[in-house]
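Labels below follow one simple rule: chain letters A, B, ... track the order of the sequence lines, proteins then strands, and each chain is numbered from 1.
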Amino acid sequence: MSKKKNKPKKIRPEVLKGFKDYSPREEIARQKIVSVFKEVFESFGFSPLQTPALEKIEVLKGADYGEDNLATIFNFTGPEKVEMALRFELTASLARFVAGNHELPLPFRRYQFAPVWRVDKPGFGRYREFTQFDIDSVGTASMLADAEIMAAICKSFEKLNLPNYKIRFSNRKILNGLAKMIGIPVEKAPDVFRVIDKLEKQGLDAVIKELGAGRIDKSGDKIPGLNMDNEHIILMREYISVYDLIVTAKHELKKEHDINVEISDDDIANFFVNYNPTAIRYFIKREGREEGIGLGEEQSTAIRNFLTIKKEDQLSVLRYAWSFMVERINKFQSGELGNFGDNKSSEEIKCVFDEGIKEYSTGLFELNEIRKYLEYLNVPEEKTIIDITVVRGLGYYTGPVFETYLDDVPEIGSVFSGGRYDSLVARFSGKKMPAVGASAGVDRLLAALLSKKLISADNTVSEVLVTAMDSEFSGEYIKILNEIRDAGIKAEIFLGETRNFTKQVKYADRIGVPIAVILGSEEFENGQITIKNLIAGREQAKEVSDREEWLKAENIQVTIDRKEMIDYLKKLLSKIKS
RNA sequence: GCUGGGGUAGCUCAGUUUGGUUAGAGCGCCUGAUUGUGGAUCAGGAGGCCGGCGGUUCGAGCCCGCCCCUCAGUACCA
């Protein structure tokens with residue numbers, strides 16, 4: 001027990017793995033993002049809710065959580081031996097709040113931004129503690145609720161000066177219905193959806209391979225496949241290609257023909273119902289470079305007509321998807337069932353098929369409703385794309401789903417996404433309650449925007465630094481400081497020990513404050529004040545290499561009467577900020 | 001979790017091939033030239049458990065084993 005030297009052990013200044021500090025530069029930018037979201041959602045009438053960071057484990061995980069289920073959350077036994085965990089999302093707490101407050105007027109509309117915690121592997125913009133911004137409408141089945149959230153998301157990105165965003169949206173009912181329509185076994189469907197979800201990131205080839213035998217990734221690691229049979233893979237490929245093909249075909253054929261013909265809605269509808277599935281197949285062949293398009297006269301005309309549709313993109317996709325279903329019905333009725341599993345009776349098969357059709361078509365109708373509401377809400381059509389390959393990973397989505405992508409930072413995937421989850425509140429109340437919501441990962445968005453310099457990055461909020469050269473005037477300095485602050489200008493006084501003026505200006509430069517207010521004995525004698533524009537000074541430094549010349553460059557600062565100070569500062573600030 | 005790259009000064013990295021005394025560079029930082037002016041320039045200075053633990057050796061930043069961290073890809077993601 002006798003240590004000769006009791007050297008205090010130095011503690012390494014480190015944070016936990018996956019956690020991070022936010023420097024003023026980052027935090028200022030982050031707060032800007034949050035305040036824009038907040039402003040926009042409040043303008044849509046959503047009110048703030050806040051809930052505890054710690055919740056009972058069953059609130060977060062449901063009554064029948066298992067061990068592996070807990071691997072990715074911070075869970076522990078707290079005081080009084082209560083099993084608890086840090087929340088890993090905000091929706092469960094919302095559901096608990098709604099279920100526990102019976103007097104709450106419904107629909108309940110709230111936003112919430114708060115930190116959440118997950119034991120994930122950290123990566124770029126991915127941390128174990130991060131801020132989520134959530135927005136939800138609980139207790140309404142109206143598609144207007146879905147459309148409204150999408151509209152608010154659009155507005156947010158406009159306000160953040162990120163106009164290159166797109167929302168892709170779909171409906172889980174369509175995929176669920178599709179699986180039943182083409183005879184994918186129920187237990188296999190989630191796997192299929194999971195693979196389709198990778199489309200945006202991994203591309204069509206990778207997805208097709210994973211539906212089949214699997215693939216090898218860039219590091220040489222093996223990714224196992226689902227080993228679906230060929231017939232199903234071909235059908236999935238046709239389905240997946242619906243949106244892509246419209247874009248590709250439109251682009252290609254427009255180049256060739258430069259078509260501009262007026263056509264009627266009937267023509268379009270006719271085209272979709274009668275020709276589309278065949279046409280899709282031809283396009284697929286062409287994409288696979290097996291052969292040319294090889295369309296008949298009639299089909300060519302129909303496609304040409306289709307390509308002249310100018311403002312009907314969303315409708316086009318819906319009609320494509322509809323015709324895909326019609327073709328399945330035709331085949332079903334003519335007895336070409338395809339692979340539905342051998343040990344099912346034809347009665348069972350018909351039942352599943354009918355269910356599928358019902359779900360699929362309901363999904364399309366709901367999307368069409370959202371489409372209309374988006375139009376009423378003045379959301380530009382090119383910003384919202386119906387893309388029936390959108391899945392969303394979360395298991396609990398039951399209806400429309402949507403994902404927002406920023407073209408400027410495609411590598412981070414979707415940035416503000418959500419959908420309809422009709423059974424989450426039921427965990428508490430036993431009753432189904434319709435709800436729709438969306439969630440943004442603020443920190444991932446921030447990391448991407450900062451790295452691409454798409455958001456301003458100031459190191460300080462200070463607008464003015466009052467330098468302090470002469471300790472005998474400290475009362476005067478503070479008087480001036482008060483005056484500036486009272487005028488609503490963010491100001492600080494130099495608090496360092498030194499009176500060395502060079503150091504003070506250097507400090508001002510390094511924290512990035514744009515204006516320095518200077519008072520020495522000369523100014524005091526004349527009742528004046530010197531105001532220096534540090535931003536302009538920085539520009540000037542680029543051109544001047546000689547020190548003497550640099551010191552003489554005085555047009556970046558003025559000496560004025562003290563009474564004019566506030567007016568001058570205000571003008572200068574508004575000039576700098578614009 | 002899996003596959004691969006990496007960990008040496010605040011940052012970016014050299015040094016590891018072939019083990020050998022005091023571990024280097026650039027940038028940044030501090031002090032001064034310059035206590036009434038940021039940049040540039042000049043002079044000086046501080047700053048290293050060479051990721052950790054164990055092993056081999058007279059001797060390890062370098063070789064061996066285990067672990068940790070990190071970057072990329074990928075899986076999972078309520």
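Listed pair A:R510 / B:rC30 meets the phosphate criterion, a side-chain N or O lying under 4.0 Å from OP1 or OP2. Phosphate contact (OP1/OP2 of B:rU70, side-chain N/O of A:K20, threshold under 4.0 Å): absent. The phosphate of B:rU37 has neither OP1 nor OP2 within less than 4.0 Å of any side-chain N or O from A:Q540.
At the heavy-atom level, A:S521 lies under 4.0 Å from base atoms of the strands shown. If you check every strand for non-hydrogen atoms under 4.0 Å, A:K17 touches sugar and phosphate atoms only. Nucleic acid contact class of A:Y396 (heavy atoms, under 4.0 Å, all strands): sugar-phosphate only. Within 4.0 Å (heavy atoms only), A:I223 reaches sugar-phosphate atoms of the nucleic acid but no base atom. Among the heavy atoms of the strands lying under 4.0 Å from A:R118 is at least one base atom, whether or not backbone atoms are also near.
Annotation: cation-pi pair A:K61/A:F88 present, NZ/CZ under 6.0 Å from the ring centroid and within 45° of its normal.
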Summarise protein proximity over nucleotides 5-10 of chain B in one line of letters, 5' to 3': B for base, S for sugar-phosphate only, - for none, counting protein heavy atoms closer than 4.0 Å.
------
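Taking for each of A:R392 and A:I518 the nucleotide of RNA chain B with the nearest heavy atom, the 5'-most of the two is the partner of A:I518.
Remark: A:E26 engages A:K20 in a salt bridge, criterion side-chain N to carboxylate O under 4.0 Å.
The side chain of A:R499 has B:rU35 as its nearest neighbour among B:rC29, B:rU35, B:rG38. With B:rG38, B:rG36, B:rA75 as the candidates, the nucleotide lying closest to the side chain of A:E210 is B:rA75. For A:R538, counting side-chain heavy atoms from C-beta on, the closest listed nucleotide (B:rG38, B:rU74, B:rA72) is B:rG38. Of all nucleotides listed (B:rC77, B:rG38, B:rG36), B:rG38 comes nearest to the side chain of A:I556. Listed candidates were B:rC2, B:rC76, B:rU37. Nearest to the side chain of A:K121 is B:rC2. Closest to the side chain of A:R126, out of B:rG39, B:rU37, B:rC77, is B:rC77.
With both ends at atom P, the span from B:rG20 to B:rA40 equals 40 Å, rounded to whole Å. One C1' atom belongs to B:rC58, the other to B:rC13, and the distance between them is 33 Å to the nearest Å. As rounded to the nearest Å, B:rC77 and B:rG54 have P atoms that lie 41 Å from one another.
Looking at A:E523, its side chain comes within 3.5 Å of the base of B:rG36 through a donor and an acceptor atom. For A:Q202 and B:rU74, a side-chain-to-base donor-acceptor distance below 3.5 Å is absent, hydrogens and geometry of angles not being considered.
Both distances falling under 3.5 Å, in either a Watson-Crick or a G-U wobble arrangement, place B:rG26 opposite B:rC11. Searching all strands for a Watson-Crick or G-U wobble partner of B:rA60 with both distances below 3.5 Å returns nothing. When both pairing distances are held under 3.5 Å, B:rA43 makes a Watson-Crick or G-U pair with B:rU31. The partner of B:rU3, taking Watson-Crick or G-U wobble pairs whose two distances both stay under 3.5 Å, is B:rA72.
For A:K503 and B:rC30, the NZ to P distance is 9 Å, given to the nearest whole Å. Distance A:K506 NZ to B:rA40 C1': 12 Å, rounded to the nearest Å. Here B:rU70 presents its P atom at 11 Å from CG of A:L16, a figure rounded to the nearest Å. Summarising the geometry, the separation between NZ on A:K201 and C1' on B:rC77 is reported as 12 Å, rounded to the nearest angstrom. The separation between A:N533 atom CG and B:rG38 atom P is 15 Å, rounded to whole Å.
With sequence neighbours excluded, the residues forming a side-chain contact (heavy atoms from CB on, under 4.5 Å) with A:T502 are A:N500, listed by chain and number.
The salt bridge (charged side-chain N to carboxylate O under 4.0 Å, His left out) test with A:K166 is passed by exactly one of A:D407, A:D408, A:D387: A:D407.
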